[in-house]
Amino acid sequence: MKPLYILMYALLLSITFIVGCQDDENTSKDEEGKTVITMWNSLSGLDVYLPEIITSFEKEYPDIRVDLENLPVEAQEQQYQAAVQENKLPDLFTTGGGYGVPQLVAADQIRSLDEVFTNEVKEKFVTGSFESGQTVMDDKVYAFPVFSPSHGAFMTYYNKDLLEELDIKPEVPDSWEGFMELGQEIYEKSDGTKYGLLIGMQAGWLISDVTLQMAKALTPKTERDWTTGEFNFATEGVIETAEFYKTMLDNNVMSIQSLELGAQDVYTQFANGHSAFMFAGNYVGAQLKERGLEDFGVAKLPTKNGEGIQYGEKATPEMIAVSKYTDNWEEVKIFINYLIDHMYDYIVESGTSAPALKLEHVGTTESKLAQFNEIAEIMNEVMVVAPNPAQINPDTIKVNQEHGEMAPKEGLDTIINGYLTGQIKDLGGTLQELTDANNKALMDAIEQSEGKVSIEDYMYKNWVPGQNYVKEDYQSR
Amino acid sequence: MKDSRVFEQKNHNKNVFSINRKRYIWAYTFMMPQIIWFIGLSIYPIIMSYVYAFYDWNGLEELDNFIGLANFKELLQTPEFWNAFQNSLIYAIGFTTVSVTLGLILALILNEPKFKAKGFYRTIFFLPVVTTAAIVGIIMQTMFGTQGTVNQLLIALGIMQKPVSWLLDPILAMILLIVVGSWKNIGITMIYWLTGLQTIPQDIHEAAQIDGAGYWKRLRYITLPLLAPIGFTILLLTLTSSMHVFDLVKTLTNGGPYYSTETLELYIYRYAFASVGGGARTGFASAAGVLLGLFVFLITGLFAAIGWTINRRRKNNLIKINRGIQT
């Protein structure tokens, strides 16, 4: 055999070997001839009832199979990033891993859902569900929201059974001082076996958002001052909130475990009666019920003097998008319509959160979670609409994305943890550095836009912290 | 006659050459899939990481923003990078010292002819090596938590009054990381040392014993000098592998408290897969990866040079001794 033939044979063998090793993920039909739709879910809450929805969907549409994969919240970045780089996102997925609609559209990864989300369908959703830069880009819908934009409010959960067991009236003090006194009473009455408070500080998003919400009651222009467009973390509100955590730790009001545990572990510890109070998001009620704790109450987070407006900014980070590379668009459309008809019922019924669909279009208004109405009330009170620069200049979306890349990777959560473990002595100085670095990143990103965006696009002189910024406000800004 | 022999010799050479060539071709034929695999999965990513390091790239959009050495300049001016570099060095030194020393001690004990149940103990010490580092990290994190088993045990034994926050103190967290990492690795260094020990001829020990040398003298003058060359390789292998610690740090301390155990690999990960605090900076992370690679290469080169010098001196000494004996 001539060497050339042998080499060609070797090459062929190699290619056959490599091709043979590839999986057949591209086939969208299973062995029974059903069309297979793949879906990733990274939202805790949805993982409980999506399997039920899928089972009933598959019964109704026997020619379609939905393969669901629930991704762990803490380790999803790599999976999203690898999938995006290889154009291998599943047919449907909840956005996550740091990728919002602007990034996914820029990377040419998702397809427009305008065929499904006509004006008539969009009308069925609560205000703020289809905002430019969030679910919409260039007037096209690229994703649909799961929860209401009010989702993401933080509150105090309290274990009524435990408080009664310790002979303490099950109420939440609205001031830090009252909270401290009650926390010390719990620790003393339980002989040091129970604590007043638990927070999952290893979950960065949780501690950042809780801190900001409490800090804003003291210094309303914390995080973002929309009158100047600048970031501001070095405020009295943030510093005093961090000091409040420290005092709670030093006085055994907050369990030291708070510094070691993430969100899910803390929910379990709280449900098991390790502490009487827990600061967590509005979606945790359903999870506590799943963990066997039914008799709990909810209240707003305490503030320094029990006064001030604690608020968070409404957004729609929890949404479902469709891969641009789906081979099963027709089947995906059927499934999306099924989700619109059924998913929000489950959200209300389980009490996970407020749904993005208006309640009059949801099949049920009865929630199995007894505390659902109280949670919804706090959500409505706390979450407000903030100015959205994309409304007046769509190029700000790209600037925001650039800012995200250039901003320091150290967040407020890391600084607070560093302060509580005694490694940051100058809290104010470190927060000022974070503020300066964020503002510098913003200005650099604006500069890169080559005149398309200016800092004025981020300035809203008529913005009042803690109040909704509505359409009319944009005209008189 | 002479011509015919020359012809035969030429013919023979030609045949040998032809057989060898066929063998080589077949050898490469069977190696080809592996070569393609190696190029695709090892060489290509390495080359591309060097390319990305010169771009401002988030890993998603087009690779079109060439920024030259800007990523490297920024890295070298970033205190967090140097902090991660310092942590990697501390971990590497601690890990190498503990692993290599304890591995040698264990190997010496298990190599003793009088020692019973060697196989059992070797398996026990080797078990952590085959355990997944991430699982080890998660279990150890639970064990060393404030309410963890270790604190409960120490309090129950009356050694401590209050639980220790192992993972919240920067020094304790680093020590814990080194101890757990070394415990996980000790089995492999022990095996390396055992291999070295078993290459030392037994008759040298016997001869020394006849001459009246006790255990410690034999260890000092026979075992350790003869182990030196392999010891150098073990040291090098352990040191370079310690520079690539990631999974254990990610699961055990996650770089905390406040970056005090953040190693270079974790730092790279934070920028390459960042979702908190904005998008990923793949180009910047690649530049950090390149610097880490160069640093490991530098250490390897340095060690190789030292090893080569020592070996050459040893050989020269042996030659001198032999010459002395002969004369």
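Naming convention: chains lettered A, B, ... in sequence-line order (proteins, then strands); numbering from 1 in each chain.
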*Asks:* Does the side chain of Asp444(A) pick up a donor-acceptor pair with the side chain of Gln448(A) at under 3.5 Å?
*Replies:* no
*Asks:* Which answer fits Leu104(A), side chain, backbone, both or neither, if we ask what part of it has an atom under 4.5 Å from a heavy atom of chain B?
*Replies:* neither
*Asks:* If you apply the rule ring pair (Phe, Tyr, Trp, His ring centres under 6.0 Å), what do you find for Tyr419(A) with Tyr245(A), and how did you get there?
*Replies:* CA-CA 10 Å; Tyr419(A) 172 70; Tyr245(A) 296 142; 9.3 Å; no
*Asks:* Give the ring-plane orientation class for Tyr55(B) versus Phe66(B), where under 30° counts as parallel, over 60° as perpendicular and anything between as tilted.
*Replies:* perpendicular
*Asks:* Check this for me: Leu41(B), atom CG, are more than 12 non-hydrogen atoms of other residues, nucleotides or ligands nearer than 6.0 Å?
*Replies:* yes
*Asks:* Can you name the residues of residues 146-160 of chain B that have some heavy atom under 4.5 Å away from a heavy atom in chain A?
*Replies:* Thr146(B), Gln147(B)
*Asks:* Using the ring of each side chain (for Trp, its six-membered ring), is His403(A) parallel, tilted or perpendicular to Phe231(A), with breaks at 30° and 60°?
*Replies:* parallel
*Asks:* Please test Val399(A) against Asp395(A) for side-chain contact (heavy atoms from CB on, under 4.5 Å), starting from the C-alpha separation and ending with a verdict.
*Replies:* CA-CA 7 Å; Val399(A) 168; Asp395(A) 288 319; 5.8 Å; no
*Asks:* Answer yes or no: are there more than 12 heavy-atom neighbours, outside Glu447(A) itself, under 6.0 Å from its atom CD?
*Replies:* no
*Asks:* Assign the ring pair Trp166(B) / Phe144(B) to parallel, tilted or perpendicular, where the plane angle (0 to 90°) is split at 30° and 60°.
*Replies:* perpendicular
*Asks:* Asp413(A) side chain to Ser208(A) main-chain N or O, any donor-acceptor pair under 3.5 Å?
*Replies:* no
*Asks:* Mind ranking Leu412(A), Thr414(A), Val84(A), Asn417(A) by heavy-atom pairs under 4.5 Å with chain B and telling me who comes out on top?
*Replies:* Thr414(A)
*Asks:* Out of Leu167(B), Asp169(B), Asn58(B), return the one with the most heavy atom pairs under 4.5 angstrom to chain A.
*Replies:* Asn58(B)
*Asks:* Which atoms of Gln401(A) come close to chain B, meaning under 4.5 Å heavy atom to heavy atom: side chain ones, backbone ones, both, or neither?
*Replies:* side chain
*Asks:* Report, by ascending residue number, the residues of residues 256-263 of chain B in heavy-atom contact with chain A at a distance under 4.5 Å; give 'none' if the set is empty.
*Replies:* Pro257(B), Tyr258(B), Tyr259(B), Ser260(B)
*Asks:* Is the side chain of Ser323(A) donor-acceptor paired with the backbone N or O of Tyr325(A) at a distance under 3.5 Å, no angle test?
*Replies:* yes
*Asks:* Is the ring pair Tyr267(B)/Tyr271(B) parallel, tilted or perpendicular, if the boundaries are 30 and 60 degrees?
*Replies:* tilted
